[in-house]
Structures are given as C-alpha cells and as structure tokens.
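Just below is one structure, and these are the notes that go with it.
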Amino acid sequence: MGGCVAMSASAQETKQSQDLSVELNPVVVTGTGTHHRLKDTPTPVEVVTANDIKKAGITDFREAMTALVPSLSFSTNSMGDYLMLNGLSNKYVLILINGKKLTGDSSNNIDLNRIDMSNVKRIEVLKGAGSALYGSDAIGGVINIITNQPINDITVTSNTKVEERGQFTQTANVDIKTEKFASYTSYQRRQSDGWTLTRVDADGEARDQHDANAFYTDNYTQMFQFTPNDKLSMYVEGSYYDRTVKRQPEYLKYNLTYDAYSLGAGAKYNFNKRSYIQFDIKNDNYDTNYLYTNEDGDNKVGDEVHQKRQHYYSGNLKSLFRFTENTRTIFGVEYIQETLDRPSFNVDERAYTWAAYAQEEITLFKNLQIQAGLRYVYHETAKSNVTPKLAVMYRLGDFTIRGQYSAGFRAPGLDELYKYSYSQRGTRAGTLSAGNKDLDAEKSNYGSINLEFNKKWLTVGVTGYINDLRDMIVARTVKLSEFSEAEQAAFQEIANELYGGNAKLGNIQNYVNNDKALIKGFEVNLNANLGYGFSLGGNYTFADARTKDSETGWHKIERSVRHSGNVNANYAHAWKNYRLNVNLNGRVQSKRIHETLKSDEWIDESAPGFGLWNISTRHTFDGLKYFTIEPGVGISNIFDYSDRRPDASHLASLTPGRTFYVSLLLRFKK
C-alpha cells in the first residue's frame, strides 16, 4: 500500500527501544526479489511485522490480516476462509512462505491455518500482478510470510492465549545458534469449541447447528541451517500439520480431517558480498479426508475415507549479480509439477511448468530507479506465456513517486482441466461436470501510480491502480440438447460410468475462458510516531471490482468489498524493568457483495457492512537476567458486533460477539 507500513515496528526485540517506537522503514524483498529498505523499493509493498501482530494480541493469520490490511477481506464459513484482495478471490492471490508457494486447499480455499504465526518475522503484501517474478496465480497479488532466523545462542519461548468459547492457542519455540549451525523448532496448537449465531433458519424453523464449527490444529516446523564458511550456506526444513473440524453428528455424518507435510532444502553460494547463486527445492503435500461419526452405507463409525490429495514439487535456481555499483541483475529458472488425486471426481492427473525469468534494476542520478523484468512460462496444457514488468521510482526530497506496469497469468487448475463428476437428485435429470483440457491461461494487465511523503516520524502514501483481466476461467452450464448426437452419446457414456448405471442426464457443466474483469481503486495510508510513546496509523482502500460475461454483461464481483479501512493506535512506556503496551485497532468495511440474477434482474443479497474494534494490553517484566515474563489481557470486538441473520451463507462475519482473553509469554534467552 503505497510502499508504507501498517503501524510497523522491528520484529527483533533485542533492544528495549525497539518495543517503544514504530519502525517506518524495514527491509523488504517481495516486490523486487532483492533486499531494499521499504522507502527505497521501486515496487510498493505493504508490511506487517511481528511486533504489529504481537501488540494487537493476535495469534491467527486471518485475524492479523483483517485487523491490519484493509485491502484484504475474508468470507469465513465452517469450511474455511475465503480470501479476497482488492476484489479478486484467493485463486488469484499467491501465498508464499519464505518465497515458496503454500499449497493445499479446502473447498477451493487455501488452508490458512497452515500458517504458524509464532515464528513470523514480517508479512509482505504485494498488490497487483507479480507473475514476472513469481509465476502463476499472482494476478491479484502476492502475500509473502517471512519467518524468523535464530539470533541468540539459545532462545526458548512459550506463548499461551485463552479466550472465551474454548478458544485456545499454545505455541512453543526453541532456537539454537552456534558459529556454523542453527536450528529452529516450532509447535503451535489452536482449538475452539465453536458457536451458533442464529437459532432459526431462513424459513423460521428452529436450529442449533454451529455456524463456526469446533476444531483443533497442530503445526510442527523444523529447520536446520549449516554455514561452513562465509561463502556457503545450506538448509533443510520440514513441517507437519493436521486439522480436524468437528461437525455435529446429529446433523452431519462425518468430521473433516486435513493432513499436510512439506520437505525442503537449499543452498546459497556467495561469489562475493554483492553476488550469489542459490538453489531451492520443495515438496508440499496436502490430504483431505472424511472421518465418519455415523454409519453411512459401507462406512462405519471411525472410518477415515480419502477425498483429495494434492502434491506440489518445485525446483528454483536463482542468481543475483551486481556487475556495476548501480545495477542488480537476476536470472533464474524454475520447474514445477503438480498432481491431484480426487477419487470422487475421477481425477488422478498431473501437470508440469517450466519457467525462465530475468530482472534488471538500475539506479540513475541517485534519485531515479528503474526495474524491468520478464518471465517466460511453458505450461503442459496452457502452453507458452510471457509476463513482463516495468517499475520506475523517482525521489524528490521527502517525496517519492512510483509507477509500474506488470502482467499476470494463472495456469488452469487440475480440477478445471480434468474434473469429471455427476450429480443427480431423485428422478430429476442430473448434471455432468467436465474438465476442459483446451483451456488457456488467464491473463491480466496491472498498472499503478504511487505518491509518498516520508519523514523520520511520518509516512503518508496514496496509490491508484487498475487491474484488467481477460480469459477468466468459469464454469458454464449448457443443456444436453444443444450438443450434437455424437457428443450427447459420449457425455451419456461418461455419466453412466460415474453413476454406476443408467444416468438421467440433462445438463453439461464445463470450464471455459469466457469472462473478463476490471478492478479500479485507490488506497490511502498514514503512519506516524507522535512522541511520548504514542503512535498512530490508518489505512483506507476503495475497490470497484466488476466482471463481465457473455450472458449477463457487467456486474459486481461476488464477495468483493468496495470500502474498507483500519485504525491502529498504540501507547508504550517503560519503567525500569517493566514495560506497558496498549494497542487499539479497528476495522470498518462496507457490505460484502452477494448479488443473484433472478428473472433477468439482479437481486442484492449482500452481507451488511460492519466494524470490529479490539484492545490489547501487554505487560513485560524483564528484570531477571535471562528470563522475560509477559502477561497480556484484551478484549476482541469491544462493541459486541455479530451477524445473527438466519442466512448462514451470507453472514457478514462469524464473530460470536465480545470476547475476553488472557495470555502469557515466557522467554528464556542466552
């Protein structure tokens, strides 16, 4: 957002003063692939640091992004979090952890519970197309979660948070660092008893089914680093994750379970202080299963039935050279293979992608920076795509002007390419859903201009942008009778095979490159250190997100939000061995768009706008030589907002209302 920081502070707490001020100029990497101070990056990036998250008393990724990044919104249901960034859905937003793609979805939503907030150093948000550096999916933007590295000989941390309705978070971290070896170990447990918002359904009938289901998650992360000399460094890392969503057995016959594990390794060789080459490989795996709590056909209580398995393999070779004092040159190649096993949809397929990319950064006259990049991609089915990027930054005193153009693309998903399923209710004719192996990649053109004023104690930024998408992949339903006799016979044969008999086939649903979209908007950002321990930040974003199809013309994008903003106020003060931090944050957003076409007329069924305000207090006692004790007390949703309308599919928010929490952090550091 205008290259500004949302109430940012250094994540490193090695000095007391860093806990009492706001750092407006951290180091970032996502916008350019190279390290820059935030005010010096030619591509605007918004940053949320670990200290921002900690001061707000937040332990969940969705909560952090909702409170601190207004351009992000979430439509949450019992199955997961549906993320939107400036009007575009999660399939157009690439989520990275340390620059590597996070995979695995539930109901087509990336499982954000996989993000362990206990070891986050900062979160960088790049708005708009980022495919020149990051490839597929980066049409709406890139969210890069940067994790901590060990900095002390040994650090052991325990952080516990207990909230009403059985909400509980426990994290434990152990960092070890020697001259050549480092280890980072992290564990996080989250759980909730769930809650019901409304006791009646849309027809006025009594119900007590949970709107937010009970769940628990476990996250384990391990990384080892070895640095034998100042030229070479190596690492291996792995993670394991499991989540169980407990659904009420009187209504549903099974719980949902999710399991994931990842393995990665890499090495970096420094030719000198300014040039290096690095290689990274990653294998990410994600499973979805049904765990039966009632008998259902051949399934007995306790049976766990596999529903979906996703594999992601990647290898990336990247080099950076500084041939002159004022240039940075990046070259890279990447290979990706994705596989999808989905028995209920007769999908067991894979697709590969090759890519080569290059980028050049040039600094002219000290005040002018130019960045140009290009990526060539060959996808197994979507074939060749090229995505260029050009960014320019000019500094005039305390003012900075940035402009950029970038192209984006998204390769078709394996479901969209190969999915086959058949559904039929009773005696009515059913629908055959069919994949389309002839799909093209979705493409976009993104442009933005940013003006920023930056002083040591104040940053103000304004950004205007436009994102133009074409060849969007959508599911279209067509009557069987509109196909030729030969095509009808082929479809009927597939339906019979899936149905296990004589299927009654009425419609065909398949994926086509049909729609386009246009998103226009602007963002305003202000952050200030006011002195005497006070700091203040505020963000506002406007997004006009519209889509066009051949049948209904232009209309607003489903789930988009036009107006949203947040305010963060913080006070910090120290008295010898005691430090106090008080944080107030609030988010306000307009209605979330839900429009239905009935009888050639758009009916507005949008979720209403709302505001959520939270207060967090943190009390730090560090008088002991190696130990820090840090209790916290806070209130989430101070004004007790909740959406209790009897229409769960369009709820504005799943918050249960005002809740109180207590937390306790214990740290040993030597």
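Hydrogens, waters and symmetry mates play no part in the numbers below; they use all other heavy atoms, side chains included.
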For [X] and [Y], does a side-chain donor sit closer than 3.5 Å to a side-chain acceptor?
| X | Y | value |
| --- | --- | --- |
| Ser192 | Gln167 | no |
| Arg587 | Gln589 | yes |
| Gln509 | Ser433 | yes |
| Asn454 | Asp398 | no |
| Arg190 | Asn113 | yes |
| Asn581 | Tyr571 | no |
| Ser406 | Tyr446 | no |
| Asn86 | Asn467 | no |
| Lys121 | Thr49 | no |
| Tyr241 | Asp111 | yes |
| Glu595 | His555 | no |
| Asn583 | Asn570 | yes |

Side-chain heavy-atom pair [X], [Y] within 4.5 angstrom cut-off:
| X | Y | result |
| --- | --- | --- |
| Asn119 | Asp116 | yes |
| Ser616 | Val582 | no |
| Phe453 | Thr459 | no |
| Tyr92 | Leu469 | yes |
| Asn568 | Leu536 | no |
| Lys100 | Ile97 | no |
| Leu256 | Arg247 | yes |
| Tyr394 | Val392 | no |

Verify side-chain hydrogen bond (donor to acceptor under 3.5 Å, both in side chains) between Asn525 and Asn527, making sure each step is shown before the conclusion. CA-CA 7 Å; Asn525 171 281; Asn527 294 279; 2.8 Å; yes

Could you tell me whether the side chain of [X] and the main chain of [Y] form a donor-acceptor pair under 3.5 Å?
| X | Y | answer |
| --- | --- | --- |
| Glu163 | Phe168 | no |
| Arg644 | Pro656 | yes |
| Thr547 | Lys516 | yes |
| Asn98 | Thr147 | yes |
| Asn566 | Ala67 | yes |
| Asn144 | Gly99 | yes |
| Ser564 | Pro70 | yes |
| Glu164 | Phe660 | yes |
| Asn450 | Val462 | yes |
| Trp195 | Leu654 | yes |

Between [X] and [Y], which heavy-atom pair has the shortest distance, and what is it?
| X | Y | result |
| --- | --- | --- |
| Ala411 | Ala441 | CA-CB, 4.4 Å |
| Gly611 | Tyr641 | O-CB, 4.0 Å |
| Thr198 | Asp211 | N-OD2, 3.5 Å |
| Ala652 | Ala607 | CA-CB, 3.6 Å |
| Ala56 | Asn585 | CB-ND2, 3.7 Å |
| Gln371 | Pro42 | NE2-CG, 4.0 Å |

Member of Ile115, Leu126, Leu72 meeting the side chain to side chain contact (heavy atoms under 4.5 Å, CB included) criterion with Ile143: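 It is Leu72; the other options fail the test.
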
Name of the residue among Leu94, Leu96, Ile110 meeting side chain to side chain contact (heavy atoms under 4.5 Å, CB included) with Leu102: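 Running side chain to side chain contact (heavy atoms under 4.5 Å, CB included) over Leu94, Leu96, Ile110 with Leu102 returns exactly one hit, Ile110.
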
side-chain contact (heavy atoms from CB on, under 4.5 Å) between Ile401 and Met393, worked out: CA-CA 6 Å; Ile401 301 173; Met393 183 184 76; over 6 Å; no

Does Arg658 make a cation-pi contact with Phe639, if we ask for NZ or CZ under 6.0 Å from the ring centre and within 45° of the axis? no

With a cut-off of under 6.0 Å to the ring centre and 45° to the axis, is Lys443 in cation-pi contact with Phe409? no

Before you tell me yes or no, could you show the steps for Phe74 and Tyr82 under side-chain contact (heavy atoms from CB on, under 4.5 Å), namely the whole-Å CA-CA distance, both residues' side-chain angles and the distance that decides it to 0.1 Å? CA-CA 5 Å; Phe74 295 85; Tyr82 192 93; over 6 Å; no

Pair Lys101, Tyr134 - check side-chain contact (heavy atoms from CB on, under 4.5 Å), show working. CA-CA 9 Å; Lys101 183 178 179 179; Tyr134 298 107; over 6 Å; no

Salt bridge present between [X] and [Y] (N-O < 4.0 angstrom):
| X | Y | value |
| --- | --- | --- |
| Asp193 | Arg165 | no |
| Asp137 | Lys91 | no |
| Glu416 | Arg410 | yes |
| Arg470 | Glu442 | no |
| Asp544 | Lys556 | no |
| Asp515 | Arg476 | yes |

When you look at Ile53 and Lys55, which way does the side-chain contact (heavy atoms from CB on, under 4.5 Å) test go after all the steps? CA-CA 6 Å; Ile53 297 166; Lys55 288 187 295 186; over 6 Å; no

Test log, rule side-chain hydrogen bond (donor to acceptor under 3.5 Å, both in side chains), inputs Asn529 and Ser535: CA-CA 5 Å; Asn529 280 318; Ser535 57; 4.8 Å; no

Is there a side-chain hydrogen bond (donor to acceptor under 3.5 Å, both in side chains) between Gln188 and Thr171 once you walk through the steps? CA-CA 4 Å; Gln188 182 180 67; Thr171 64; 5.7 Å; no

Test log, rule side-chain hydrogen bond (donor to acceptor under 3.5 Å, both in side chains), inputs Thr43 and Lys389: CA-CA 10 Å; Thr43 302; Lys389 174 186 177 179; 3.0 Å; yes

Only one of Phe542, Phe610, Phe522 forms a ring pair (Phe, Tyr, Trp, His ring centres under 6.0 Å) with His563, so which one is it?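 Testing His563 for a ring pair (Phe, Tyr, Trp, His ring centres under 6.0 Å) against Phe542, Phe610, Phe522 leaves exactly one candidate, Phe542.
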
